[in-house]
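Structure record follows, encoded as structure tokens.
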Amino acid sequence: MSKGLPKRSEDYSLWYNELVKRADLAENSAVRGCMVIKPYGYSIWEKMQAELDRMFKETGHTNAYFPLFIPKSFLSKEASHVEGFAKECAVVTHYRLKNAEDGSGVIVDPEAKLEEELIVRPTSETVIWSTYKNWIQSYRDLPLLVNQWANVVRWEMRTRLFLRTAEFLWQEGHTAHATKEEAQAETAQMLNIYAQFAEEFMAMPVVKGRKTENERFAGADDTLCIEAMMQDGKALQAGTSHFLGQNFAKAFDVKFATKEGGLEYVWGTSWGVSTRLMGALIMAHSDDNGLVLPPKLAPIQVVIVPIYKGDDQLNAISEKAKEIMVALRKAGISVKYDDRDTHKPGWKFAEYELKGVPLRIGIGPRDLENGTIELARRDNLTKETFDLSSQAIEEKIGNLLTEIQDSIYKKAFDFREEKITEVNSWDEFQTTLENKGGFLSAHWDGSSETEDKIKELTKATIRCIPLDQKEESGTCVFSGKPSKGRVLFAKAY
RNA sequence: CGGGGUGUAGCGUAGCCCGGUAUCGCGCCACAUUUGGGAUGUGGAGGUCGUAGGUUCGAAUCCUGCCACCCCGACCA
């Protein structure tokens with residue numbers, strides 16, 4: 001393994017691919033398009049899950065689990081939904097294998113063809129709504145607020161670790177409500193939770209917005225999203241929340257008796273974030289030395305590396321290190337003491353930098369003498385000597401972790417702000433997209449035709465109509481037709 | 001799925017045009033000296049050259065099929 005990582009400035013996607021592999025986050029598997037999420041990568045995902053799960057439960061949702069397989073007939077019940085997913089579904093056609101007669105191995109038993117083929121879920125609206133039909137009879141059964149953590153399969157042509165894989169992990173919330181307003185409020189609430197999670201935990205600023213008709217989820221009346229800006233100037237959709245109207249209720253005949261004695265279709269929402277967030281996290285903060293993790297999601301927040309000659313020194317240092325470790329753990333900070341003597345300190349420094357551990361404590365003989373430790377920050381690569389008698393260690397480290405969390409958010413925020421450009425002419429649109437990238441805030445006439453045409457010409461799409469869009473009359477950057485406000489265009493992942 | 005490229009030890013590669021059983025670096029193992037930013041030396045282990053056929057006395061090398069991966073398009077969270 002060569003030492004350095006490729007440079008972002010030279011080959012961004014190579015940098016990303018190498019970083020994912022070298023930081024032990026994930027690797028390609030024996031199965032095309034599917035990845036193995038390695039223990040270190042998975043522990044970051046677990047931290048994300050834990051926070052999101054807590055937030056879902058705090059807002060009244062409970063977890064459940066629905067089947068991986070969906071009868072083919074279910075998928076076709078909602079017309080636009082099936083159209084949206086048909087091209088990327090894996091299909092189970094048989095249920096048995098047998099030994100080949102020529103001894104060449106196992107073959108699919110042609111006798112064991114399924115009556116009705118099963119689709120490996122690309123998303124679960126259909127199975128879930130077919131179940132909700134039985135769960136919902138009265139307004140008293142509403143709202144129904146369910147989430148599931150699951151894997152889904154979308155047979156993608158081109159895959160990239162975390163960003164787009166044939167199988168990925170996600171959570172999908174599926175709720176049912178008595179009124180349109182309540183379902184819309186739920187859609188907005190969950191979007192806000194995603195935005196809060198992204199900003200507070202991932203330290204990644206996002207734009208909250210609404211998808212255009214072209215980009216909307218198949219089967220939804222309205223799709224809200226959070227969009228993030230990556231370091232190469234491309235946008236990444238980090239989460240979506242859909243208002244499903246009564247589309248699935250009608251498709252699966254889910255009605256409820258109202259308080260007034262009427263019978264009405266329920267209103268639905270669905271919302272999800274996936275392991276794609278891992279890709280967003282990596283691309284939002286990391287640098288040419290490796291991963292940079294926000295303390296709130298780092299599996300290891302602090303690593304202690306001893307610098308020593310001989311067992312006597314190591315023993316003395318270990319004693320100090322363990323003392324510090326106990327104090328930090330008591331304060332809820334996750335610490336690893338790396339006293340392996342199979343690797344030298346310099347090697348460990350580079351290794352933990354690659355893996356994005358936010359803080360490193362170095363303790364050597366000089367420190368023991370002086371009652372100090374060396375503190376090195378991953379985010380800005382600065383070091384300081386800390387006098388242990390000046391302040392409680394857990395307080396010092398706690399403050400530093402908070403500061404790092406804030407600091408990487410601010411850095412990402414400033415970067416994102418710098419990458420939003422208001423453009424007012426087609427010429428400016430093209431030049432900016434070409435030379436600077438990022439979000440282009442531009443007037444749009446509201447038509448799908450214009451959106452398609454712009455995509456065809458520049459590969460940029462409308463990432464969203466920001467929820468905080470200012471009313472401002474102008475003319476469409478492409479067609480010159482009147483427009484009521486600016487939308488965000490960008491090239492996207 | 002279209003166009004281009006690649007596949008040789010755990011990883012990265014040379015060799016392929018011009019056929020003769022495989023090069024180098026990292027990593028791994030042992031020992032010694034080292035340890036405040038990826039240590040050094042000496043010795044050692046490890047390869048059905050993606051896979052299945054074909055041509056040939058002989059194939060990593062030439063030919064054909066298949067598979068996987070990468071880049072560029074169409075599709076997508």
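Chain letters run A, B, ... following the sequence lines, proteins first and then strands; every chain starts at 1.
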Do the side chains of A:Glu384 and A:Lys396 get close enough for a salt bridge, i.e. N-O under 4.0 angstrom?
yes
For atom P, what is the distance between B:rA60 and B:rG20, given to the nearest Å?
9 Å
Can you tell me the distance, in whole Å, between the NZ atom of A:Lys491 and the C1' atom of B:rC72?
13 Å
Under 3.5 Å for both donor-acceptor distances, Watson-Crick or wobble: does B:rA68 have a partner, and if so which one?
B:rU6
Look at the side chain of A:Glu156 and decide which nucleotide, out of B:rG37, B:rC75, B:rU34, has an atom nearest to it.
B:rC75
Strictly below 4.0 Å, N to O, side chains only: are A:Glu227 and A:Lys208 in salt-bridge contact?
no
Considering only heavy side-chain atoms of A:Glu351, the closest of B:rC69, B:rG36, B:rG38 is B:rG38
Paired nucleotide for B:rG20 [Watson-Crick or G-U wobble; both distances under 3.5 Å]:
B:rC57
If the threshold is 4.0 Å, N to carboxylate O, is there a salt bridge linking A:Glu27 and A:Lys21?
no
Give one of base, sugar-phosphate or nothing for A:Leu163, where a contact means two heavy atoms less than 4.0 Å apart.
base
Could you measure between the two C1' atoms, the one in B:rU33 and the one in B:rC17, and give it in whole Å?
48 Å
For B:rU33, give the paired nucleotide (Watson-Crick: N1-N3 plus N6-O4 or O6-N4; G-U: N1-O2 and O6-N3; both under 3.5 Å), or none.
B:rA39
Students often mix this up, so state it plainly: with edges at 30° and 60°, are the rings of A:Trp347 and A:His343 parallel, tilted or perpendicular?
parallel
Given atom CH2 of A:Trp347 and atom C1' of B:rU40, what is their separation to the nearest angstrom?
18 Å
With the side chain of A:Pro365 defined as its heavy atoms from C-beta on, choose the nearest nucleotide among B:rG36, B:rU35, B:rG37.
B:rG36
Given RNA chain B, 5'-ward residue of the pair A:His343 and A:Ala376, judged by closest heavy atom
A:His343
Looking at every strand, decide which applies to A:Phe217 at a 4.0 Å heavy-atom threshold: base, sugar-phosphate, or nothing.
nothing
In whole angstrom, give me the gap between the P atoms of B:rA14 and B:rU8.
10 Å
Choosing from B:rG37, B:rC72, B:rU35, which nucleotide comes nearest the side chain of A:Ala350?
B:rG37
Could you say whether A:Gly33 or A:Thr240 is positioned toward the 5' end of RNA chain B, judged by the nucleotide with the nearest heavy atom to each?
A:Gly33
Paired to B:rU13 by Watson-Crick or G-U wobble criteria (both distances under 3.5 Å) is none
Take atom C1' in B:rG12 and the same atom in B:rC49, then report the distance between them in whole Å.
16 Å
Out of B:rU35, B:rC69, B:rC75, whichever nucleotide has its closest atom nearest the side chain of A:Ile307:
B:rU35
Taking the P atom in each of B:rC66 and B:rG73, what is the distance between them to the nearest angstrom?
26 Å
Any strand: nucleotide that pairs with B:rA74 via Watson-Crick or wobble, under 3.5 Å:
none
For A:Arg160, answer base if it contacts any base atom (sugar-phosphate contacts may also be present), sugar-phosphate if it contacts only those atoms, and nothing otherwise; contact means non-hydrogen atoms under 4.0 Å.
nothing
Looking at A:Lys87, does any N or O in its side chain come under 4.0 Å of the phosphate oxygens OP1/OP2 on B:rC75?
no
Whole angstrom is fine here: how far is it from NZ in A:Lys21 over to P in B:rC69?
11 Å
Give the rounded distance in Å between these two atoms: CD of A:Glu369 and C1' of B:rG36.
13 Å
Using whole Å, report how far CD1 of A:Ile317 lies from P of B:rG36.
11 Å
Between CG of A:Leu224 and OG of A:Ser241, what distance do you get to the nearest 0.5 Å?
5.5 Å
Select base, sugar-phosphate, or nothing to describe what A:Asp341 touches, counting heavy atoms under 4.0 Å on all strands.
nothing
Under-4.0 Å salt bridge between A:Arg377 and A:Glu403:
yes
Gap in Å between the two C1' atoms, one belonging to B:rC63 and one to B:rU56, rounded
12 Å
Could you give the CH2-to-C1' distance, from A:Trp155 to B:rA74, as a whole number of Å?
19 Å
Using the ring centroid of each side chain, check whether A:Trp271 and A:Phe56 are separated by less than 6.0 Å.
yes
Find the partner of B:rC28: check Watson-Crick (N1-N3 plus N6-O4 or O6-N4) and G-U wobble (N1-O2, O6-N3) distances, both under 3.5 Å, and reply none if neither fits.
B:rG44
Do the side-chain N or O atoms of A:Lys309 get closer than 4.0 angstrom to the phosphate oxygens (OP1, OP2) of B:rG36?
no
Quick one: look up who B:rC49 pairs with, Watson-Crick or G-U, both distances under 3.5 Å, and put none if it's unpaired.
none
Starting the side chain at C-beta, find the nucleotide from B:rC76, B:rA74, B:rG36 nearest to A:Arg164.
B:rC76
Rounding to a whole Å, what distance do you find between A:Glu27:CD and B:rG10:P?
14 Å
If we take the C1' atom in both B:rA22 and B:rG47, what is their distance in whole Å?
9 Å
Could you give the distance from CZ (A:Phe66) to OG1 (A:Thr131), rounded to the nearest 0.5 Å?
5.0 Å
Select base, sugar-phosphate, or nothing to describe what A:Thr165 touches, counting heavy atoms under 4.0 Å on all strands.
base
Among B:rG36, B:rC75, B:rC69, find the nucleotide with the atom closest to the side chain of A:Asn28.
B:rC69
Using whole Å, report how far CD of A:Glu88 lies from P of B:rA74.
16 Å
Mind checking the P distance from B:rU61 to B:rC29? Whole angstroms is fine.
34 Å
If you go through the side-chain atoms of A:Lys383, does one of them form a donor-acceptor pair with the base of B:rG37 closer than 3.5 Å?
yes
